[in-house]
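Remarks on the structure that follows.
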Amino acid sequence: MDKAYEKQHDKKWQKFWDDERLAVPEVAHARHAAPLEKTFALLMPPPNVTGVLHQGHALMLALEDTLTRWNRMSGIEALYLPGTDHASIAVQMQVVKHLATKGIDHRSLGREGFLKECWDWINEYRPRIYGQVRSMGTNCDWERVKFTMDAELNKGVTHAFVELYKRGLVYRAEKLVNWSPKGQTVLSDLEVIFKEQKGHIWHLKYPLAHDPSQHIVVATTRPETMLGDVAVAVSPSDERYKHFVGKKIILPIVGREIPIIADEFVDAAFGTGAVKITPAHDFNDFEVGERHGFARLNIFTPEAKLVPNLPGKAAAWAGLDRFIARDKVVEEFQALGLLDRIEDHLNRVGTSERWGEIVEPYLSHQWFLKMDGMAARAAEAVRAKRIEIVPHEFHNQFMRWMENIHDWCISRQLWWGQQIPAYHCRKTGEVVVSETPPPASPKHDWVQDPDVLDTWFSSGLWPLTTLGWPNVKAEDLRKFYPTSVLETGFDILFFWVARMVMMCMEFVDEVPFKKVYMHPMVRDENGQKMSKSKGNVIDPLEIVEEFGADTLRLTLNGLCVQGRDLRLSTERLDFYRAFINKIWNATRFALMKSEGSTDRTWMKRPARVTHLHDRWILARLDEASRDLNKAWGEFRMQEAVDTLYHFIWSDFCDWYLECAKATREDSDNVVKHVLGEILKMMHPLCPHATEELWHGMPGVKIEESLLVQSFPQGEGFPDTEALAEFKFFQDLVGQIRTLKAESKVAPSKAIRIWIKDAGPLSQKVVESSRATLISMARLSDLSWGDAPAGAACTRFPVSAVEAGKTVEIVVPMSELKDLADEVDRLRKELSSFEKLASSQEGKLANKNFVDRAPPEVIDKEKIKLEEYRDKVAKIQSTLKQLEAQVKG
RNA sequence: GCUCGCUUAGCUCAGUUGGUUAGAGCGCUUCGUUGACAUCGAAGAGGUCACUAGUUCGAAUCUAGUAGCGAGUACCA
């Protein structure tokens with residue numbers, strides 16, 4: 001066996017799991033030691049097909065694979081289904097860019113030609129991301145892998161669209177949308193990122209038609225839109241403007257005459273109290289325009305340049321960019337003496353997520369999905385706890401979003417994606433929505449809608465389409481739907497999670513998953529977001545290369561707490577690598593004398609154990625496995641790791657193995673048994689290292705994977721006696737070690753002690769563990785009672801097994817170096833116990849406490865007081881003697 | 001603006017229904033290789049649990065408010 005844990009075993013075991021098909025739920029389940037009639041399903045949030053694995057993915061895979069392996073080992077038939085997303089916008093951008101480097105304008109290829117390029121691109125990159133997913137040791141079912149553009153999935157998407165259309169939920173309309181001038185496509189509300197930007201508010205004077213010497217001042221952050229103004233609105237209750245309502249204004253530059261109207265939407269207290277109305281370029285103004293029946297005057301081309309044919313002076317500005325037009329308008333107002341003033345203003349500007357430029361509210365014909373009904377049902381499912389969101393903080397966010405949702409614009413002016421199954425007749429203008437193209441006829445000349453669907457439309461169907469829907473009898477759908485857990489980052493709660501809930505509720509009237517677990521964001525050690533430009537990216541692939549997948553998985557799990565970002569650093573990775581190494585070496589130690597053995601008796605829990613530490617470690621094993629199962633059941637990932645860390649490192653290695661060195665072959669089977677259980681418990685986190693170690697255990701056959709062993713449930717009776725007795729043992733050892741350390745006596749120096757005042761139980765514990773105690777505390781001899789009269793001794797109390805009682809340890813001063821040091825030490829001890837005793841007395845003297853606290857709490861406090869008093873008395877008496885000697 | 005989260009040891013953080021002397025790792029101090037591990041072991045120092053008020057016999061934990069930081073979100077022209 002290697003002297004230290006190294007990651008060289010990763011590939012070997014990944015191949016082993018593949019070869020044995022242990023990620024296929026049916027196969028693994030059939031081979032499980034104790035299979036249950038239960039299923040677990042987790043669908044991997046599909047990474048972008050051309051993406052590169054980042055820490056967010058690594059965290060996702062680490063958590064999901066851990067949960068899946070844990071379920072599988074618990075005897076549950078577990079599906080972990082992998083896949084990738086076609087990422088319409090992202091991939092189209094990549095391919096366009098790629099073609100451009102070869103000097104090819106993608107438009108010149110035509111739609112078909114371009115799509116072929118996309119498929120070539122994808123076929124090249126898809127294996128890369130899959131390989132990266134595998135490198136984490138991800139035990140997902142590759143035989144079921146899905147891509148959102150697979151033929152069957154496309155069928156499902158088309159079916160869904162047509163069905164939603166039939167139900168009147170999908171509709172086409174001309175509305176104001178978020179338009180990306182750079183991308184030349186519409187975006188959904190979610191794809192618009194609001195950024196704070198320093199800007200200005202321009203106050204413009206609009207002259208009245210009947211008396212140009214009078215004017216109304218309007219304020220705007222976007223003066224160029226005045227070219228499309230159709231009215232000026234004031235608040236109906238605004239006395240300042242009451243007499244203007246119904247009058248007209250001559251719009252400067254373009255010379256159009258527009259009305260002054262009253263509308264409730266205007267806040268008289270804000271700005272000048274008068275608002276210019278531009279229905280074609282502002283969402284609020286659009287609403288006002290609809291209410292008043294105004295024309296929608298579009299002033300921009302799709303590239304956000306001024307259209308030709310604007311009236312007046314603006315006619316000459318055709319083709320100007322929107323921001324140049326802004327300057328022109330302001331200049332012109334200035335020249336006309338109509339610029340009232342300019343104020344600085346911090347405003348939030350909507351920018352496109354992909355291209356980064358400012359999004360333009362733009363009039364356009366698009367396909368929409370009606371949201372109100374679907375959102376209400378989704379919200380109801382969450383409210384009724386049919387879906388539990390963890391951490392719970394996201395529950396409210398989810399509900400709020402569902403309540404304020406707008407119809408979802410699902411069409412995109414792109415080529416890469418699912419083309420919308422709508423057919424327009426060039427002759428009659430009719431529109432037919434159908435899964436297959438309608439037949440051509442002399443009267444009808446059909447052409448398919450050129451737009452594709454928003455990527456998230458197909459993602460929203462992921463739980464259905466990956467399991468075989470729309471075939472409602474598909475076996476996977478029946479067996480694994482609804483899925484158990486959706487694990488993902490909170491950044492896509494609305495993009496994806498909410499849409500899945502809505503879509504699935506709509507189509508199968510059943511939630512897609514019972515629980516949603518939102519993992520935190522991975523940041524660098526200083527809490528900064530990782531980004532290439534900051535140069536603080538910790539590449540998971542490099543970590544896997546350097547530390548091994550197990551270390552990365554364990555680290556991410558170990559740092560994953562709810563409600564706080566996860567700060568990753570190489571320091572942490574070193575720490576968790578050391579943990580794996582510790583287990584590695586513990587195994588090395590346990591198996592030292594077992595080379596070549598095929599004895600499998602250790603696999604069963606030893607029925608009769610004699611030594612206290614053997615009983616204790618089995619009791620702790622039960623406790624730890626119960627805690628572990630509970631932690632994972634509640635997605636407390638760090639708590640699970642901490643439980644294991646403490647149990648393995650402190651309890652098993654530092655205490656148990658050290659004790660077992662004194663009892664040798666008596667403990668041999670317990671050592672191996674507990675170690676085997678530890679490997680099982682660690683396996684979901686560190687599959688490679690544990691599988692390697694497991695296969696080194698005596699008698700384990702090559703085909704016996706840890707993956708199909710029974711996960712420890714901690715169902716045994718908790719041996720609370722062993723726990724309490726060993727606590728006493730630990731205190732004894734600890735107190736003696738402290739004495740040595742503080743008396744500057746070498747730990748290796750064996751000293752002789754007496755134990756006084758022990759009750760029967762404490763005495764039994766010491767007697768039965770005599771050899772272990774002598775070895776752990778390094779004693780030369782251990783006797784009962786007091787040291788021979790006349791020998792100068794120090795004495796100190798240790799809490800006994802008997803509640804509230806103490807035993808006294810007697811050590812001849814001849815064993816120690818310095819009497820004064822010991823006096824100091826005891827004085828410190830005394831003062832701390834005196835404080836405890838007096839605060840305890842105060843508590844119990846409080847009538848309110850004694851009258852109102854539950855009796856068991858009071859009893860506990862009384863026992864404590866008894867113990868503190870006992871210790872105080874004992875130390876006082878020892879001190880008196882020692883102090884007398886110091887003086888003497 | 002609204003909503004939510006965070007504030008605990010020098011640093012990074014745990015702390016699950018309110019109840020032992022508030023924990024862990026790193027760092028620091030002292031000491032140490034008995035059959036695994038120096039990626040190790042033992043002992044120790046270090047905290048008025050952000051602040052204020054309240055509920056309670058009892059608050060790091062529950063409530064309200066304040067301050068600082070962060071996130072999400074809104075139509076302020």
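In what follows, chains are A, B, ... by sequence order, proteins preceding strands, each numbered from 1.
- When both pairing distances are held under 3.5 Å, B:U55 makes no Watson-Crick or G-U pair with any nucleotide shown.
- Heavy atoms of other residues, nucleotides or ligands lying less than 6.0 angstrom from NZ of A:Lys205 number more than 12.
- B:C13 is paired with B:G23 under the Watson-Crick or G-U wobble criterion, all donor-acceptor distances under 3.5 Å.
- Base contact: A:Ala578 has a heavy atom under 4.0 Å from a base atom.
- B:U56 and B:C62 have their C1' atoms separated by 10 Å, given to the nearest Å.
- Of the P atoms belonging to B:G70 and B:C13, the separation is 14 Å, rounded to the nearest Å.
- Within the 4.0 angstrom heavy-atom criterion, only backbone atoms of the sugar-phosphate kind lie near A:Trp649; the bases stay farther away.
- In the model, A:Thr225 has a side-chain atom that pairs as donor or acceptor with a side-chain atom of A:Lys276 under 3.5 Å.
- B:A50 and B:A59 are spaced 16 Å apart, taking the C1' atom of each and rounding to whole Å.
- Among the protein residues, A:Phe283 comes within range of no part of the nucleic acid, since none of its heavy atoms lies under 4.0 Å from any strand.
- The residue A:Lys847 sits apart from the nucleic acid: no heavy atom pair falls under 4.0 Å.
- As judged by a 4.0 angstrom heavy-atom cut-off over every strand, A:Asp654 is placed among residues touching the sugar-phosphate backbone only.
- Among the heavy atoms of the strands, none lies under 4.0 Å from A:Ser748.
- Taking the ring axis of A:Phe796 as reference, the NZ or CZ atom of A:Arg825 stays within 45° of it and closer than 6.0 Å to the ring centre.
- Spacing of P atoms, B:U39 relative to B:C26, comes out at 13 Å, to the nearest Å.
- A:Asn284 comes within contact range of at least one nucleobase, with a heavy-atom separation under 4.0 Å.
- No contact: A:Phe490 has no heavy atom under 4.0 Å from any strand.
- For the C1' atoms, the distance from B:A22 to B:G18 is 14 Å, rounded to whole Å.
- Heavy atoms of A:His345 sit under 4.0 angstrom from primed sugar atoms or phosphate atoms, though from no base atom.
- Using the six-membered ring where Trp is involved, A:His392 and A:His395 have ring planes that are parallel, under 30° apart on the 30 and 60° scheme.
- A residue-by-residue look at A:Asp565 and A:Ala586 shows that A:Asp565 has its nearest nucleotide of RNA chain B further toward the 5' end.
- Spacing of C1' atoms, B:U20 relative to B:U7, comes out at 27 Å, to the nearest Å.
- No donor-acceptor contact under 3.5 angstrom links the side chains of A:Lys740 and A:Thr738, judged on distance only.
- Across all strands shown, A:Val850 has no heavy atoms under 4.0 Å from either base or sugar-phosphate atoms.
- A:Glu525 comes within contact range of no nucleotide atom at all, as no heavy-atom separation falls under 4.0 Å.
- Residue order along RNA chain B, read from the 5' end via each residue's closest nucleotide, puts A:Pro854 first among A:Ala662 and A:Pro854.
- Between A:Glu360 and A:Asn178 there is no side-chain heavy-atom pair separated by less than 4.5 Å.
- Chain A approaches RNA chain B over the interval B:C4 to B:A77, counting the first and last nucleotide 5' to 3' with an atom under 4.0 Å from its heavy atoms.
- Counting non-hydrogen atoms under 4.0 angstrom, A:Arg664 reaches a base of the nucleic acid.
- Figure legend. B:C2 is base-paired to B:G72; pairs are counted as Watson-Crick or G-U wobble with both atom distances under 3.5 Å.
- Here the separation of B:U33 from B:G41, taken at their P atoms, is 15 Å to the nearest Å.
- In this entry B:U66 has B:A50 as its Watson-Crick or G-U wobble partner, both defining distances falling under 3.5 Å.
- Taking the C1' atoms as reference points, B:G15 lies 10 Å from B:A24, given to the whole Å.
- A:Asp229 and A:Tyr206 share a donor-acceptor pair across their side chains, judged by distance under 3.5 Å alone.
- Checking A:Asp821 against A:Ser743 by side-chain atom types alone, no donor-acceptor pair falls below 3.5 Å.
- Note on A:Glu571: only backbone sugar-phosphate atoms sit closer than 4.0 angstrom, heavy atoms only; bases stay farther off.
- Residue A:Pro391 is out of contact with every strand shown, counting any heavy-atom pair closer than 4.0 Å.
- Using a 4.0 Å cut-off between a side-chain N of Lys or Arg and a carboxylate O of Asp or Glu, A:Arg222 and A:Glu224 qualify as a salt bridge.
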